[in-house]
Amino acid sequence: MDVDEQYTTTVPIHKTMEDKLRSKLNVVHVDFVDTSGNCGSSYAVTIVSPDFAKKITLQRHKLVNQILSEEIAQLHAFSQKTLTPEQWEKEKK
């Protein structure tokens, strides 16, 4: 088993996804919720980034889907909520 295989088999997929998002976007906050009953095959994620400013929801979701395409293909379900920091602050109140 090479290092890449070992990394993908020992690191939970949500951690791999978070690392990829943080490497490609200016992430202020990210929260993964396992919606599969803890088997790790379905996730709901909230991503907060100023990179989403001036993008409609569809553009935001396409961007995330492109970044996480390999990981999403391994899941049964993936839902996302993409917010700017300003939107996130309003939602927290």
All side-chain hydrogen bond (donor to acceptor under 3.5 Å, both in side chains) counterparts of Lys90, not counting sequence neighbours: none
Please name all residues satisfying side-chain hydrogen bond (donor to acceptor under 3.5 Å, both in side chains) with Glu86, sequence neighbours left out, ordered by chain then number. Thr84
Distance in Å, [X] [atom1] paired with [Y] [atom2], rounded so as to fall on 0.5 Å steps:
X: Leu75; Y: His14; atom1: CG; atom2: NE2; answer: 11.5 Å
X: Arg22; Y: Ile67; atom1: CZ; atom2: CD1; answer: 12.5 Å
X: Lys24; Y: Ser49; atom1: NZ; atom2: OG; answer: 14.0 Å
X: Leu25; Y: Leu63; atom1: CG; atom2: CG; answer: 5.0 Å

Going through the distances and angles, do Gln80 and Asn65 end up as a side-chain contact (heavy atoms from CB on, under 4.5 Å)? CA-CA 9 Å; Gln80 58 183 290; Asn65 288 347; 2.9 Å; yes
Tracing side-chain links under 4.5 Å among I, L, V, M, F, W and Y, which residues wind up in one group with Ile56? Leu58
Can you get from [X] to [Y] by hopping between Ile, Leu, Val, Met, Phe, Trp and Tyr side chains that sit under 4.5 Å apart?
X: Leu83; Y: Val28; answer: yes
X: Phe32; Y: Val64; answer: yes
X: Ile13; Y: Ile47; answer: yes
X: Phe52; Y: Met17; answer: yes

Pairs involving residues 66-90, ordered by first then second residue, that meet ring pair (Phe, Tyr, Trp, His ring centres under 6.0 Å) (sequence neighbours left out): His29-Trp88
Under the salt bridge (Lys or Arg N to Asp or Glu O under 4.0 Å) definition, can you give me all pairs with a residue in residues 68-85, not counting sequence neighbours? Lys20-Glu71, Lys81-Glu91
Does any pair with a residue in residues 30-58 pass salt bridge (Lys or Arg N to Asp or Glu O under 4.0 Å), and if so which ones, sequence neighbours excluded? none
Could you pull out the closest heavy-atom pair between Ser36 and Ser41, with the gap in Å? OG-N, 3.4 Å
Minimum heavy-atom distance between Asn26 and Pro50, given as atom pair plus value: O-CD, 3.2 Å
